[in-house]
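Below, all heavy atoms of this structure are taken into account, side chains as well, without hydrogens, waters or symmetry copies. Since the model is a prediction, treat every value here as computed from it, not as a measurement.
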Protein chains: 2
Amino acid sequence: MTSPFLHKGHDHSTCIQTALDAADVVCQSHKARLTPIRRRVLELVWQGHSPLGAYELLKTLKTEGHNSAPPTIYRALEFLIQQGLVHRIASLNAYVGCNRPGEHHDGTFLICHVCGTAAEIPDNPMWGPISEMAQAGNFRLSHVNVEAVGECADCQRATGQES
Amino acid sequence: MTSPFLHKGHDHSTCIQTALDAADVVCQSHKARLTPIRRRVLELVWQGHSPLGAYELLKTLKTEGHNSAPPTIYRALEFLIQQGLVHRIASLNAYVGCNRPGEHHDGTFLICHVCGTAAEIPDNPMWGPISEMAQAGNFRLSHVNVEAVGECADCQRATGQES
DNA sequence: GCTCATATTGTTATAATATAACATTTCTAT
DNA sequence: ATAGAAATGTTATATTATAACAATATGAGC
């Protein structure tokens with residue numbers, strides 16, 4: 001399996017473009033409207049691979065002439081989450097672009113506590129153990145959120161802690 | 001494996017007593033002070049198996065003569081979390097007593113969205129898949145938080161959705 | 001092209017959660 | 001007894017998120 005973390009020097013503009021293109025497709029197929037604000041918020045969320053707070057995003061929006069208040073950003077985020085284009089990272093109160101838009105899935109993340117990068121990983125491998133335990137309790141599983149915290153390879157190298 | 005959910009009619013007073021007794025032991029072994037406030041907050045957290053918000057707990061404290069402000073409760077919770085006696089449920093901004101105090105572990109929960117009960121389950125089974133994926137990315141895993149949402153057996157029965 | 005129902009956005013206010021900063025008190029080890 | 005450290009009290013404020021209602025824009029059907 002290839003690393004879920006992109007190298008620090010990767011060409012991020014393609015990440016953004018891919019995400020925006022995918023969003024167009026997803027929204028069309030959902031008959032949902034990716035309005036300029038929503039599109040712009042998605043783009044802002046995708047300015048990097050670290051989850052960003054709602055008020056951070058809002059601050060940027062404001063500098064762009066949009067006459068924005070908190071509901072503006074929260075509504076856009078709510079929409080994007082519903083469309084499966086953005087995930088909320090509960091432990092950080094922050095939002096990050098989804099890697100697998102359109103595919104039905106929950107968010108499973110490896111979060112680097114040094115650089116803040118959150119790498120979304122496939123959640124299928126988690127479902128085995130967890131659904132087994134759920135079944136043992138006759139628990140009807142709806143969705144699973146996994147937020148694993150640690151240090152990414154790039155940051156380990158940077159701090160000389162490479163194994 | 002036995003169900004991680006206790007039956008609705010279980011004798012909860014023993015849950016509380018067990019938790020408080022365990023807390024005494026853990027704090028002694030950590031040379032940490034389980035002061036009256038901290039002990040009382042732990043007891044309040046244990047008033048049920050549903051995570052409770054900080055301000056809910058605070059409200060109760062206030063009715064008891066303690067002259068309490070937000071820092072009172074947040075400090076107590078911080079202490080209890082450090083001692084491994086309480087978990088924070090990030091997706092709910094709420095706090096719940098730990099089932100396995102003293103044992104080193106992360107929180108892994110099945111949360112019923114109907115009754116609010118959060119059942120802590122062993123996290124060992126999760127570590128296989130997730131540490132595999134972490135290793136694939138040379139990610140140094142520190143801790144993992146799993147919050148699975150669904151409907152517990154009791155609530156399925158109550159709403160006639162039993163399989 | 002109109003027109004209406006609906007979806008989206010604007011706007012103001014406020015709720016809910018959490019922490020900073022510093023004063024005071026209590027505890028513990030000596 | 002007393003000094004240093006830990007815990008608590010107190011006031012203020014930061015951060016995150018939502019409620020409620022008004023105004024505007026959009027798209028479907030005519």
Euclidean distance, atom OH of residue A:Tyr95 to atom P of D:dT15 [Å, nearest integer]: 16 Å
Protein-nucleotide distance (A:Lys31, atom NZ; D:dT26, atom C1'), rounded to Å: 16 Å
Taking CG from A:Leu58 and C1' from D:dA17, how many angstroms apart are they, rounded to a whole number? 12 Å
Please say yes or no: joined through hydrophobic side-chain contacts below 4.5 Å, possibly via intermediate residues, are A:Ile130 and B:Phe109 part of one cluster? no
Using a cut-off of strictly less than 4.0 Å, decide whether B:Asn93 has a side-chain nitrogen or oxygen near OP1 or OP2 of C:dA18. yes
Sequence neighbours excluded, which residues qualify as ring-ring contact (aromatic ring centres under 6.0 Å, His included) partners of B:His143? none
Would you kindly give the CD1-to-C1' distance between B:Ile81 and C:dT17, to the nearest whole Å? 13 Å
Proximity to DNA chain D (any heavy atom under 4.0 Å), residues of residues 33-57 of chain A only: A:Arg33, A:Tyr55
Among B:Ile16, B:Leu52, B:Leu85, B:Leu57, whose side chain to side chain contact (heavy atoms under 4.5 Å, CB included) with B:Val45 holds? B:Leu57
A:Glu147 side chain to B:Val146 backbone, donor-acceptor under 3.5 Å: no
Using whole Å, report how far CZ of B:Arg75 lies from C1' of D:dG9. 7 Å
Spacing of A:Arg33 atom CZ and A:Cys27 atom SG [to the nearest 0.5 Å]: 11.0 Å
What is the distance from CZ of B:Arg88 to P of C:dA16, rounded to the nearest Å? 17 Å
Provide, to the nearest angstrom, the distance between the CD1 atom belonging to B:Ile73 and the C1' atom belonging to D:dG9. 15 Å
Using whole Å, report how far OH of A:Tyr74 lies from C1' of C:dT9. 17 Å
Between the side chains of B:Arg75 and B:Glu78, is the shortest nitrogen-to-carboxylate-oxygen separation below 4.0 Å, so that they form an ion pair? no
